[in-house]
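Naming: A, B, ... by sequence-line order, numbering from 1 per chain.
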Amino acid sequence: MTNTKIPRKAMVGLVILGVFFLMAIVGPLAAPYDPSAFVDVPLQPPSRAHLLGTTGQGQDVWSQTIAGARTSLLVGFAAGLVMTSVGAIVGAIAGTFGGLVDDALSLLTNVSLVIPGLPLAVVLAAYLPAGTKALLVVLVATGWAWNARVVRSQVLSLRNKDFVAAAIVTGESRLHIVFREILPNMTSVLASCFISATVYAIGAQVGLEFLGLGDMSVVTWGTNLYWASNDAALLLGAWWTLLPTGLSVALVGTALVLVSFSLDEITNPRLRAAAASARVLAARGIRPGASTPVVRDHA
Amino acid sequence: MPSAPLLSVEDLVVEYQTPSGPVRAVDAVSFVLERGEVLGLVGESGSGKSTVAQALARILGPPAIITGGRVLFEGNDVLAMTEDELRRFRWRKMSFVLQSAMNALSPVLTIGDQIIDVLVTHERTTTRAARERAAHLLELVGIDPARLASHPHELSGGMRQRVGIALALALDPPLVIMDEPTTALDVVVQHEVLSKIAELKEKLGLSVLFITHDMSIVSQFATRIGVLYAGRLVEMAPTRELFRAPRHPYTKGLLGSFVSIHGPRRRLAGIPGSPPDLRRLPAGCAFRARCAEATDRCATEAPVLRVIAEDHPTACHLVSP
Amino acid sequence: MRYLLRQLGLYVLAAWASLTLNFIVPRLAPGDPASAMFARYKGQLQPEALAALREAFGFTGGPLHEQYAAYLAHLFRGDLGVSVAYFPAKVTDVLAMGLGWTALLTGSSVVVAFALGSLLGVVAAWRRGSAFDATLPPLLVFLGAFPYFWLAMMLLYGFGFTLDALPLRHAYEDTLAPSLSFAFVASVAEHLLLPATSIVLASVGGWMLSMRSSMIGVLAEDYVTMAHAKGLSPLRIMFHYAARNALLPNVTGFGMALGFVLGGSLLTEIVFSYPGQGYLLVQAVRSQDYPLMQGIFLTITMAVLAANFLVDVLYVWLDPRTRGR
């Protein structure tokens, strides 16, 4: 492929992610206040002293948003990584080994997919000691199956490819084939899986913490929303205690989805060609869905 | 003045709008189809034969656009019709039998639904009358009318293709375009479908545009044959004339043998090489790279269609009248 | 029919798996939280209630398989123990209060979001590359990236609090008693509007995108070209030929997505104090009411599995090819 230009969608996504990473890494050093400390009169609207106002507990919202980025992104991306690994291993083994192994693992995957995630996550989180480790376990336990299914179907289509067939014929061990031949050849699929897993992890984490599960003393995007809701901030008109965190979650989610769209287009060149053709036609004012247009350029 | 021919295509140009620029899939194709005639269009995949067929009714989807020419049906230019005029024109004047029996019928609708809706749309009849007509159509192609309630997956490939033919005859159109109607079928079923088509052609006096990559099939029906290569018509002649005296090297290759004046006939395994990439057509003759007899002139100058013998135009530098 | 039987088998297995998880989790959790729970309840519950609770959870002191048998026996008798938060009400009675409201809220918003999203996806694919197709999907992706409950809070703030146009909380006016009167139904509808809208806003984009991509694939099929060639009206081609086929993969996805949307919908209930399972869930979490939490997990899982099976039946009805299999 000679066209190595990064698609515009991916560019937008990566820039947004970059800003949030920067916020998560160097932000806490630059934050004006201790995010947990009582620093001023509670529920002040945004002002020069407090760019995004103060919470019902008299904390600085801007400092809390920055601190939340660090914890929430860390947990989200870590959970995404573990979920992808678990899903990839289960899916790849099911797809490569076939037979009974596949039947059993596919059944496990499907059962796990139809059990609703949040109620199970609540039960798990309630019994596990509150903390980051427990949160990771809960997120992975409820979110790995989708990746396993995607990876398995991708492996099944790869299995018929020449290089895998060659490896099987030369008598390579099955595990060798899984980890050396198959998984390295589906990096873009794994990347998509990682992205959707991370989106799920961030969303589920925020949801669980909003419910009051987890360590409420740590500043995360989820606990920010929990406390805002607990302090009845909205009913007092303090929209600024909710807006920054919600926007942050949505921006990170959208950025990840944008990157994932671009990945899909790279994996599936026909998709990209069709999208580009649609743009070419649209640019010429040709409406799809009707009869083949007649355009006489040189008339 | 004689009445207009049934179908007259003049310098039709179809381009696919791709991100890397327009690709010309059909380049200045012209031909005439008279009433009662069966015209064969022959070419490899990618030669533009299906594109020509679908452009005639303007049912080519994006990213195709028609950039030039005229398509005169009974004297009216299809390329100048409005959407409403096109909808009334389609199927009533020109119907299709498409290549893949599998995919030409929607899998979730019954056979009956898919025949009846065309009748109801065009003839404004009652559903009941349409159902009777649909049953009659199935009988015409030798299928039990009870099959109206079946879904496509419940029928064999041959039956599906005969349903396709029944569907094409629904409005008794003057022209039926058959695009590889037997390609997806096995040989026995192929024969069965072809003889059905031949029978109906005689019985109903159809005009047919028959598109195929298989010379032997088209020879059974066609009164005349046009040969397409890389979106251009390279030779056209009455069937017997074409088989007796093919002029273009590509046609000779398609016919499976070169007729040598000096020696005995020798079989050819086919045409060496593969069809050219339409995105990067070479200068000169598009067939040059696969032509054993190409000269320097073929590399620089694209041959145009010239009438070599009576009713036998050919686009090749190597043949002279 | 074999297809439906296979799916049914999957759901039965999933049901058994969740019953068993429900049994195992309290026993596997580090630090023996179950004993801690019983110890904590000691002050609050009468000894008989505590004993009944132990029974229902199978903490009989016997070996594990006996505990499991006791647990299952109680479960099949419909005994999920007593709720701590709503003591002395039985968990099943507490659950029954909320089930209808959750079914109403989640059911109506999921159906609306699915129908609306699918419709928008059909139009976007049909008008591919148009301004509609270029602007709406990214916008809805952005909306869908907000947590459901956050959108709920913003709607609550905007329409309920600032504009004072719609009710802020509960499922109906406190002054009304549940009945089939017009006033009551109207009040239920009015209270449903904001929470349902927030769920629809958050989930419609997903349906739109998947319908759009499935539709784009279908539009390239021969039967759609045939429908064009037949001179049918664009609307008929779009819906009768293209969309009906494009809908099939989306229906399969519907079951999977249901559990996910339900999670968001439970959190939305909390924002509006909507008296469904989500509201009960937060009460359970706050008062560490494990029996209620586990009861909610079980009921919701069973409801989702049942809904999945209904979707499978619908799928068989929509796709004649599955009937023979």
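For A:His176, the side-chain contact (heavy atoms from CB on, under 4.5 Å) partners are A:Glu172, A:Ser173, A:Arg180, A:Glu181, not counting sequence neighbours. By the ring pair (Phe, Tyr, Trp, His ring centres under 6.0 Å) test, B:Phe89 is found to be paired with B:Phe73, residues two or more places apart in sequence or in another chain being considered.
For B:Arg87, no part sits under 4.5 Å from any heavy atom of chain A, backbone or side chain. In this structure, the portions of B:Leu79 lying under 4.5 Å from any heavy atom of chain A include both its backbone and its side chain.
Here the CD-OG distance, from B:Glu85 to A:Ser291, works out to 11.0 Å after rounding to the nearest 0.5 Å. Rounding to the nearest 0.5 angstrom, the gap separating the OG1 atom in A:Thr292 from the CD1 atom in B:Ile65 is 10.5 Å.
The shortest heavy-atom contact between B:Ala64 and A:Pro293 is O-CD, 3.7 Å.
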